Amino acid sequence: MKNLFLKPVFIAVAILTIILFGVAGYHYELGYPAWSTMIVGMLIGIALLILLKVLLFWLMPLVKKIPIPFVTTILGGFLAVYLLRMYAFRWPPILFYGLVLFGFACLVLFVAGLWQVIKIKKIKTGAILVFFGIVLAFLGFYSFNSLEGDPYQDTSSAEDSLDVKTLEERGIENPSTKGNFEVDVFTYGSGTDQKRPEYAEGVKIKSPTVDASLLLPEWKGKKKKWREKFWGFGVDSFPLNARVYMPKGEGPFPMVMMVHGNHSMIDYSDAGYAYLGELLASRGIIGVSVDENFINAHWSGDFRGKEMPARGWLLLKHLEQWRKWNQDDNSGLANKVDMDNIVLVGHSRGGEAVSIAAAFNKLERFPDNGNQTFDFGFGIKGIVTIAPTDYRYNREIDLKDINYLSIQGAYDSDETSFWGMRPFHRLKFSEDFDGFKAGLYMNHANHGQFNSTWGRSDFGAPMKWLLNLKPLVSGEEQHEAAKVYVSAFAEAVLKGSKDYRPMFKNVDLAMDWLPKETYLSQYSDTDKMVLVDFENEMDVTVAGDGINLKGDNFKVWRETELEARDGGSQQNNALVLGWKHGKDVDIDSVPVYTITLPDTLGNFGMADTLTLSMAMGDISELSLKDGEKKVEPPKRGFNFSIQLKDSLGNAASVAIADENRLPGRIRSKFTKFEFLDKEMIGKDTEVQLKSCYVPISSFLKNNDSLKLDKLKSIQFIFNKDTLGIVVLDDIGFYQ
């Protein structure tokens, strides 16, 4: 035993181990002095080293009896599986190795059974082993896939009895209906593309290349080597390739230019928006789907956002080429485009790229390198971001006086949060700007199905095998939602149609045209006078312009920055109110939130509608007493009364549920395993607000003596539900 430890190698290993355990102990914060935890760490290292050494010493004679082929097979298999997980599967270890061991057990039974039948001729024993191997594998496969489904279905898709007269019932045409124009589909591009015939001999019009060297200096190293080998061109000669959906006719026509996001560069993405391009062209709008696949990710690496300026700039270079064609009588496209009437649509990273393009459109030079000059100034009237990023570019884009729409699926496992609402909140309007901004949140929609070629899974295999795909809407349904809203946006922004404006304010008005799902819509324009937005104030009792705030009898009362699903910021503050009381609560104990207005604020006599944004909060914030029964939240949001009171003492109240479908909490299960959702995704929900409205006529119906020109206070009275949590924001009026 003495010689067991007195060896130079052991002494060296022991010293190193003790030092490392000591360092770990020194930095392991337990509230005790660092020197004491260091000593404890060293002692643990010594004890563990001795224990393992003795254990292995006694096991070695047994190990020697194990056949070498068996050892090499097991170790070789384990090493192969380990490398597979590290470089291919990348699943959580407990899940990956657990499934591997289960599969190994099934195969041992199956192979052992065949061995019994073929080699040993024990047919009965072998058949039993084979049977149990197959049954076990089947049960495992069935159980694995049975984990798919929506455990929150009942709470997210419930309907209520609110009577809403939809736009279709008002005689307005479905914007996704095919129009009267015949459509010409063609491509333009370099004419020399080595990989894609549609941009080689298949082009109708040849376009020049552009030099993006100053926009994408990261085009170097292996990215440069392998991309140039694959594509046959470099950063100094990017092609201007695109698919065109052209209405047949004289023109000029407005244009919608679309761009994809970051997908595998060899799984070409630009054809995935044909369903939008063909619809828009049939309604008299040119659709252009731009090819930027050559800066997407693949084996040569991902630029990880460094390419975002180039993505936006390329869109403007396409528009620049269209301007030249538009002015050239020999181009075949002369006078086809109304260059003052353009909308940009971007999906995923393309959604961030269109915001960048809109910002670059007004600049004279590239902000990251002033040696790159800009000369754009196109009439970009609006942008649509579909499941966008808003964090890839190292500059935060703040837009002004441009129409804006963002669409997001609640089951998007790629961009799991509604990042498109961050540009929404940053976007500012001048007083005379006649435009709007809107957001649409759709349950059971994912990331990829907004592009018809990306498919149902937001990840490739083997990661996609872990995704919970059963709850998703079909690709056709997801396309339909995009068609309705993108087409309506184009009609409103490019053609000045007022018919579709209401559906952006309230998605309930478009429900006849949309797949049967749960939706939340947010909206704002210059007609909206926001009194309280809960931004930039630490004092919860005051707002701007001398407005006072007061909360009585609440269990929860705070103003907070709303979090994204992964804990990031939504860049928006809101009010959170929680209450809990009995059914027979005394009137003085009813929770009331009061907004008191100063006389100097102005006259609300012309107000048409009271507006606010709201969401259902997390009821678990209301801590329960011992023995108190847990209360399940309602299928829809919590109801409460809104009371307006004038300086003469006249008051009128309306229940919010009388005029609005109350938003419930949309919850998502992205993968087959809840623990994996927490590890990979984050929370099962994030607060997404819904714009709600109460007509002033509803208040006057209850008390026609109310004087809006002498309005003194707005009160939220929580007397409808005995407990609840609500999130409120942007309280004000439409004039």
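These numbers were taken from a predicted model, which means no experiment stands behind them.
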Six-ring centre of Phe230, Lys195 cation under 6.0 angstrom, axis tolerance 45°
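Output yes; distance and angle both within limits.
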Is the positively charged end of Arg501 above the ring of Phe436, judged by distance under 6.0 angstrom from the centroid and angle within 45° of the axis?
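No, Arg501 and Phe436 do not form such a contact.
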Partner residues of [X] under the ring-ring contact (aromatic ring centres under 6.0 Å, His included) criterion, sequence neighbours left out:
{"X": "Trp513", "answer": "none"}
{"X": "Phe366", "answer": "Phe360"}
{"X": "Tyr391", "answer": "Trp419"}
{"X": "Tyr485", "answer": "Phe504"}

Within the 4.5 Å heavy-atom criterion, are [X] and [Y] side-chain neighbours or not?
{"X": "Asn241", "Y": "Glu198", "answer": "no"}
{"X": "Ile666", "Y": "Gln688", "answer": "no"}
{"X": "Val290", "Y": "Leu314", "answer": "no"}
{"X": "Leu280", "Y": "Phe253", "answer": "no"}
{"X": "Leu333", "Y": "Trp322", "answer": "yes"}

Name every donor-acceptor pair, under 3.5 Å, that has one atom in a side chain of residues 455-466 and the other anywhere in the protein, sequence neighbours excluded.
unit_1: Arg456; atom_1: NH1; unit_2: Gln449; atom_2: OE1; d: 3.3
unit_1: Arg456; atom_1: NH1; unit_2: Val473; atom_2: O; d: 3.0
unit_1: Arg456; atom_1: NH2; unit_2: Leu469; atom_2: O; d: 3.1
unit_1: Arg456; atom_1: NH2; unit_2: Leu472; atom_2: O; d: 3.0
unit_1: Ser457; atom_1: OG; unit_2: Phe459; atom_2: N; d: 3.3
unit_1: Ser457; atom_1: OG; unit_2: Phe459; atom_2: O; d: 2.5
unit_1: Asp458; atom_1: OD1; unit_2: Asn446; atom_2: ND2; d: 3.1
unit_1: Asp458; atom_1: OD1; unit_2: His447; atom_2: N; d: 3.3
unit_1: Asp458; atom_1: OD1; unit_2: Gly448; atom_2: N; d: 2.8
unit_1: Asp458; atom_1: OD2; unit_2: Ser413; atom_2: N; d: 3.0
unit_1: Asp458; atom_1: OD2; unit_2: Ser413; atom_2: OG; d: 3.1
unit_1: Asp458; atom_1: OD2; unit_2: His447; atom_2: N; d: 3.1

Give the C-alpha distance, both sets of side-chain angles, the deciding distance and a yes or no for side chain to side chain donor-acceptor pair (under 3.5 Å) between Asn451 and Tyr273.
CA-CA 6 Å; Asn451 183 304; Tyr273 309 105; 3.1 Å; yes
Basic-acidic side-chain contact under 4.0 Å: [X], [Y]:
{"X": "Arg283", "Y": "Glu173", "value": "yes"}
{"X": "Lys204", "Y": "Asp184", "value": "yes"}
{"X": "Arg349", "Y": "Asp302", "value": "yes"}
{"X": "Arg395", "Y": "Asp368", "value": "yes"}
{"X": "Asp677", "Y": "Arg565", "value": "no"}

Taking the six-membered ring for Trp, is the centroid-to-centroid distance between His260 and Trp454 below 6.0 Å?
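Distance test on ring centres: not under 6.0 Å, no.
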His318/Phe378 aromatic ring centres below 6.0 Å:
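Judged by ring-centre distance (under 6.0 Å), His318 and Phe378 do not meet the cut-off.
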Ser213/Trp219 under side chain to side chain donor-acceptor pair (under 3.5 Å): CA gap, chis, key distance, verdict:
CA-CA 8 Å; Ser213 301; Trp219 187 281; over 6 Å; no
Pair Leu316-Ile380, side chain to side chain contact (heavy atoms under 4.5 Å, CB included): steps then yes or no:
CA-CA 10 Å; Leu316 297 171; Ile380 301 174; 4.0 Å; yes
Does CD belonging to Glu182 count more than 12 external heavy atoms closer than 6.0 Å?
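At most 12 heavy atoms, drawn from other residues, nucleotides or ligands, come within 6.0 Å of this atom.
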Got a sec: does the CD of Glu396 have more than 12 other heavy atoms crowding it under 6.0 Å?
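More than 12 within 6.0 Å, yes.
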Which residues satisfy the side chain to side chain donor-acceptor pair (under 3.5 Å) test with [X], sequence neighbours excluded?
{"X": "Glu320", "answer": "Lys317"}
{"X": "Ser613", "answer": "none"}
{"X": "Thr177", "answer": "none"}
{"X": "Ser691", "answer": "none"}

Which of parallel (below 30°), tilted (30 to 60°) and perpendicular (above 60°) describes Tyr411 and Phe670?
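Tyr411 vs Phe670 ring planes: tilted.
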Is it true that the side chains of Glu686 and Ser417 contain a donor and an acceptor less than 3.5 Å apart?
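Side-chain D/A pair, Glu686 to Ser417: present.
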Can a donor-acceptor pair be found between the side chains of Arg304 and Asn262 at a distance below 3.5 Å?
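On atom types as modelled, these side chains do not qualify, holding no pair under 3.5 Å.
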Between Tyr519 and Arg661, is the side chain to side chain donor-acceptor pair (under 3.5 Å) condition met? List the steps.
CA-CA 10 Å; Tyr519 302 86; Arg661 285 198 174 103; over 6 Å; no
Determine yes or no for a side-chain-to-main-chain donor-acceptor pair under 3.5 angstrom, with [X] supplying the side chain and [Y] the backbone.
{"X": "Thr166", "Y": "Leu509", "result": "no"}
{"X": "Asn326", "Y": "Lys336", "result": "yes"}
{"X": "Glu352", "Y": "Ile397", "result": "no"}

I'd like to know whether Thr385 forms a side chain to side chain donor-acceptor pair (under 3.5 Å) with Tyr404, so could you lay out the CA-CA distance, the side-chain angles of the two residues, the decisive distance to 0.1 Å, and finally the verdict.
CA-CA 8 Å; Thr385 67; Tyr404 180 85; 3.1 Å; yes
Under the rule for salt bridge (Lys or Arg N to Asp or Glu O under 4.0 Å), what residues qualify as partners of Asp412, not counting sequence neighbours?
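Salt bridge (Lys or Arg N to Asp or Glu O under 4.0 Å) list for Asp412, sorted by chain: empty.
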Holding to side chain to side chain contact (heavy atoms under 4.5 Å, CB included), I want the full list of residues that pass it with Glu563, two or more places apart in sequence or in another chain.
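Testing Glu563 for side chain to side chain contact (heavy atoms under 4.5 Å, CB included), a comparison that skips the adjacent residues, returns Lys683.
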Keeping to residues at least two apart or across chains, list the ring pair (Phe, Tyr, Trp, His ring centres under 6.0 Å) pairs with something in residues 193-215.
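Residue pairs with at least one partner in residues 193-215: there are none.
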